[in-house]
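Values below: every heavy atom of this structure, side chains too, minus hydrogens, waters and symmetry copies. Everything numeric in this text was worked out from a predicted model, so none of it was measured. Along the sequence shown, residues are numbered consecutively beginning with 1.
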Amino acid sequence: VQLQASGGGVMQAGGSLRLSCAASGRTFSNYVMGWFRQAPGKEREFVAVINWSGSTTYFADSVKGRFTISRDNAKNTIYLQMNSLKSDDTAIYYCAASGVYSARDADYDYWGQGTQVTVSS
């Protein structure tokens with residue numbers, strides 16, 4: 001499956017952004033979808049995951065209560081709504097697809113190219 005992330009940009013602290021990730025190539029609803037991020041000088045970290053139907057989600061503690069993840073299987077797209085942005089949210093955000101419901105990046109088989117999110121304080 002091919003993944004294309006979009007929606008990144010520059011935002012002031014406290015603002016909101018919505019990232020999108022469009023999938024193509026295989027049956028989208030067969031995949032668990034996740035968002036990860038990598039800040040400068042840091043390792044990639046888990047952000048959020050959503051199961052095949054969209055009924056179950058899980059978030060990293062650092063974004064819980066501020067970010068939501070959703071999917072539209074008819075449009076082969078997932079979304080990451082990011083509210084109350086902080087400077088610590090500055091990173092490249094990657095969407096990824098997996099056959100298992102997991103927060104481990106090693107469990108994800110397909111990755112998008114990433115979209116830059118910069119939060120200015």
Side-chain angles (χ1 to χ4, degrees):
V1 61
Q2 290 79 46
L3 303 173
Q4 179 75 36
S6 62
V10 180
M11 178 58 63
Q12 287 190 332
S16 299
L17 277 175
R18 189 177 82 155
L19 306 183
S20 300
C21 175
S24 62
R26 293 196 178 189
T27 304
F28 178 67
S29 58
N30 286 350
Y31 293 94
V32 169
M33 299 297 298
W35 286 98
F36 293 79
R37 67 187 183 186
Q38 187 166 20
K42 295 185 177 181
E43 294 190 354
R44 185 168 58 194
E45 65 175 3
F46 165 77
V47 175
V49 60
I50 188 166
N51 73 339
W52 300 265
S53 67
S55 61
T56 303
T57 60
Y58 177 71
F59 298 90
D61 287 344
S62 58
V63 306
K64 199 171 295 182
R66 300 187 298 120
F67 290 12
T68 58
I69 185 172
S70 60
R71 67 190 295 162
D72 185 338
N73 285 345
K75 295 183 178 180
N76 290 356
T77 302
I78 65 165
Y79 306 95
L80 185 69
Q81 177 67 43
M82 306 185 294
N83 299 327
S84 302
L85 283 164
K86 305 175 181 179
S87 57
D88 286 349
D89 296 320
T90 295
I92 299 173
Y93 284 72
Y94 298 90
C95 57
S98 173
V100 298
Y101 188 73
S102 172
R104 295 174 62 243
D105 59 358
D107 289 329
Y108 285 75
D109 303 308
Y110 304 98
W111 292 82
Q113 86 290 358
T115 185
Q116 176 72 48
V117 172
T118 302
V119 182
S120 60
S121 56

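Checked by atom type and distance alone, the side chain of T90 pairs as donor or acceptor with a backbone atom of V119 at under 3.5 Å. W52 contributes a side-chain N or O that, together with a main-chain N or O of N30, makes up a donor-acceptor pair within less than 3.5 Å. Remark: the backbone N or O of A91 is not paired with any side-chain donor or acceptor of Q38 at under 3.5 angstrom. Between the side chain of S98 and the main chain of V100, a donor-acceptor pair closer than 3.5 Å is present. In this structure, R71 contributes its side chain and N51 its backbone to a donor-acceptor pair below 3.5 Å. Counting only distance, with no hydrogens or angles, the side chain of S55 and the backbone of S53 share no donor-acceptor pair below 3.5 Å.
Scanning both residues, S20 and W35, for their nearest heavy atoms gives O-CH2, 3.6 Å. Annotation for L3 and M33: closest pair CD2-CE, 3.9 Å, computed over non-hydrogen atoms. When every heavy atom of L80 is checked against every heavy atom of A48, the shortest pair comes out as CD1-CB, 4.2 Å. Across every non-hydrogen atom of S102 and D107, the tightest pair is OG-OD2, 2.5 Å. Scanning both residues, S16 and S84, for their nearest heavy atoms gives OG-N, 4.3 Å. For G7 against L17, the heavy-atom pair with the smallest separation is O-CD2, 3.9 Å.
Here the CZ-NZ distance, from R37 to K42, works out to 8.5 Å after rounding to the nearest 0.5 Å. Considering SG of C21 and CG of N76, their distance stands at 10.5 Å, rounded to 0.5 Å. Interatomic distance, CZ of R66 versus CE of M82, reported as 9.5 Å (0.5 Å rounding).
Hydrophobic clustering of Ile, Leu, Val, Met, Phe, Trp and Tyr side chains at less than 4.5 Å, counting indirect connections, keeps L19 apart from Y108. The cluster map of Ile, Leu, Val, Met, Phe, Trp and Tyr, joined by side-chain heavy atoms under 4.5 Å apart, puts V1 and Y94 in different clusters. F28 and Y110 fall within a single hydrophobic cluster, where Ile, Leu, Val, Met, Phe, Trp and Tyr side chains are chained together by heavy-atom contacts under 4.5 Å. Hydrophobic cluster membership differs between F36 and L85, with clusters built from Ile, Leu, Val, Met, Phe, Trp and Tyr side chains linked at under 4.5 angstrom. Taking hydrophobic clusters as Ile, Leu, Val, Met, Phe, Trp and Tyr residues chained together by side-chain heavy-atom distances below 4.5 Å, V63 shares a cluster with M11.
Contact of the I78 side chain with the C95 side chain is registered, since non-hydrogen atoms from C-beta on lie closer than 4.5 Å.
Ionic pairing of D61 and K64 is present here: one or more N-O contacts between side-chain nitrogen and carboxylate oxygen are shorter than 4.0 angstrom.
For the ring pair (Phe, Tyr, Trp, His ring centres under 6.0 Å) condition, the pairs that include at least one residue of residues 54-81, sequence neighbours left out, are F46-Y58.
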